[in-house]
*Asks:* 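First the structure, which I've put down as structure tokens, then a few questions once you've had a look.
The structure displayed is predicted, hence computed values, not measured ones.
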Amino acid sequence: MHRLVFRLPEMDEQPAPIVIVVLGPPGAGKGTQSSLLANLLRIPHISIGCLLRSYARDESEVGVRLRGMMASGNLVPDTLVLDVLATRIGEPDCARGLILDGFPRTLRQAELLECGLSRSPFNADKLTDNLVALHLRVKKSTIVERLSGRRICSRCSATYHLESQPPRVSGECDVDGSALAVREDDRKATVLKRLQIYEQETAPVLSHYAEKASLLEFDGEQPKQNIAQELVMAIQSMLRISIAGAKNVQSSLEDNP
């Protein structure tokens, strides 16, 4: 079951637009759950990594800067990330709200995000009025197992897992027969380092949202269907989503086990 870490009475009168922040360690299933919620609420699911890669393909000044930084392996400055996000938030499909997948990761990013929201249509008197943080809790050993067992097609980028979704032929992609590879980020030593950094950087973010926003925690060890149902129930209660909307998510889960 999920645990409500902090809740104010105003949450029951939640106006749109709303920002839902989905947090959790690498491999916690943030992308999967964010997509399901986006379908339910009919608001966009924004992954910062995908957003930056998309903008890096542009010939704009920002796109050229992003390409240069990514090509050299440098981290994109927080201020530039927020500039890109601000542009995305201004698009019409975000009018009712949005879901941020794995962002903010640091307290500085959280503070910059709040500053940016205060100058946008998402401005509210209090952070609790329009921001909800969802945290997927997953043990370190589970994360290592999930990520170190992941394999990627070297040609089409199809994803497999040695335990939960193995290819029909060991080491070969089902789609095109190409060799499967292990991403550098998925090697055990790298995973452990990423988890250490995540714990150091994100613990202050969770404390921040527990104090200033609405923080919900979920057991990410469960099957994804169970997690999705708990997320739907929590969000449905908070935002008064229709029962029909929840049933649509259930149908989606049944169609994509």
Side-chain angles (χ1 to χ4, degrees), residues 1-38 40-41 43 45-48 78 82 85 89 96-118 120 122-140 142-143 195 197-222 224 226-241 246 249:
M1 295 296 293
H2 75 271
R3 179 164 60 96
L4 181 57
V5 176
F6 192 75
R7 180 188 177 103
L8 289 181
E10 292 91 335
M11 288 168 58
D12 289 327
E13 300 175 358
Q14 188 77 349
I18 185 171
V19 178
I20 298 176
V21 172
V22 182
L23 301 171
K30 299 184 295 294
T32 298
Q33 301 303 333
S34 296
S35 294
L36 288 167
L37 276 179
L40 167 66
L41 300 177
I43 58 178
H45 162 208
I46 300 176
S47 163
I48 294 298
D78 289 341
L82 268 295
L85 182 58
I89 287 176
R96 295 182 60 249
L98 57 97
I99 297 170
L100 290 177
D101 173 358
F103 184 89
R105 297 189 314 274
T106 68
L107 185 56
R108 171 174 165 74
Q109 289 178 349
E111 292 169 345
L112 286 172
L113 174 63
E114 290 155 28
C115 182
L117 292 176
S118 70
S120 76
F122 290 82
N123 184 34
D125 292 336
K126 299 184 296 297
L127 196 60
T128 49
D129 289 343
N130 69 341
L131 191 147
V132 177
L134 310 177
H135 180 220
L136 301 178
R137 292 179 285 106
V138 184
K139 292 186 296 187
K140 184 181 295 186
T142 302
I143 294 297
L195 287 173
I197 294 172
Y198 170 80
E199 290 167 359
Q200 292 171 348
E201 292 183 338
T202 307
V205 178
L206 297 175
S207 298
H208 176 75
Y209 283 144
E211 178 183 352
K212 292 192 173 183
S214 305
L215 176 65
L216 289 166
E217 291 198 336
F218 297 82
D219 178 6
E221 300 279 337
Q222 307 173 82
K224 65 181 181 181
N226 295 16
I227 300 171
Q229 284 299 317
E230 290 190 8
L231 285 170
V232 168
M233 290 173 62
I235 296 297
Q236 183 181 357
S237 173
M238 291 168 57
L239 304 184
R240 300 181 178 181
I241 304 300
V249 172

*Asks:* Is there a side-chain contact (heavy atoms from CB on, under 4.5 Å) between L117 and I89 once you walk through the steps?
*Replies:* CA-CA 9 Å; L117 292 176; I89 287 176; 4.2 Å; yes

*Asks:* About how many Å separate OH of Y209 and CD of E114, when rounded to the nearest 0.5 Å?
*Replies:*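 These two atoms lie 5.5 Å from each other.
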
*Asks:* On a heavy-atom basis, which atom in G31 and which in D101 lie closest, and how many Å separate them?
*Replies:*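 Minimum heavy-atom separation between G31 and D101: CA-OD2, 3.4 Å.
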
*Asks:* Do L100 and L113 come close enough that some side-chain heavy atom pair is under 4.5 Å?
*Replies:*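 L100 vs L113: side chains touch.
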
*Asks:* For the residue pair H208 and A110, what are the closest heavy atoms and their distance?
*Replies:*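 Between these two residues, the closest heavy atoms are CD2-CB, 4.2 Å.
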
*Asks:* Could you report the tightest heavy-atom contact between L215 and A210, atom names first, then the distance?
*Replies:*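 Minimum heavy-atom separation between L215 and A210: CD2-CB, 3.8 Å.
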
*Asks:* CD/Q109 to CG/D78 distance, rounded to the nearest 0.5 angstrom?
*Replies:*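 Q109 CD to D78 CG: 4.0 Å, rounded to 0.5 Å.
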
*Asks:* Which atom pair, heavy atoms only, marks the closest approach of G97 to I43?
*Replies:*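 Heavy atoms only, the tightest pair is O-CB, 3.4 Å.
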
*Asks:* How long is the straight-line distance from CD1 of I48 back to CG of L85, given to the nearest 0.5 Å?
*Replies:*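 It is 4.5 Å, given to the nearest 0.5 Å.
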
*Asks:* I need the minimum non-hydrogen distance between P204 and L107, along with the two atoms involved.
*Replies:*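 The pair with the smallest heavy-atom distance is O-CD1, 4.2 Å.
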
*Asks:* Work out which heavy atom in E201 is nearest to a heavy atom in V205; give both atom names and the distance.
*Replies:*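 Taking E201 first and V205 second, the nearest heavy atoms are O-CG2, 3.8 Å.
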
*Asks:* Could you tell me the separation between the CG atom of L112 and the CG atom of L82, rounded to the nearest 0.5 Å?
*Replies:*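 Atom-to-atom, L112:CG and L82:CG are 5.0 Å apart.
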
*Asks:* Between CD1 of I20 and CG of N130, what distance do you get to the nearest 0.5 Å?
*Replies:*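 Rounded to the nearest 0.5 Å, the CD1-CG separation comes out at 11.0 Å.
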
*Asks:* Under 3.5 Å, side chain of K30 to main-chain N/O of V22, donor-acceptor pair present?
*Replies:*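 Checking the backbone N and O of V22 against the side chain of K30, no donor-acceptor pair under 3.5 Å is found.
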
*Asks:* Stepwise, does the side-chain contact (heavy atoms from CB on, under 4.5 Å) test hold for H135 with L216?
*Replies:* CA-CA 6 Å; H135 180 220; L216 289 166; over 6 Å; no

*Asks:* Atom CD of E230 and atom CG of L134: how far apart are they, to the nearest 0.5 Å?
*Replies:*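 Reported to 0.5 Å precision, the distance equals 11.5 Å.
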
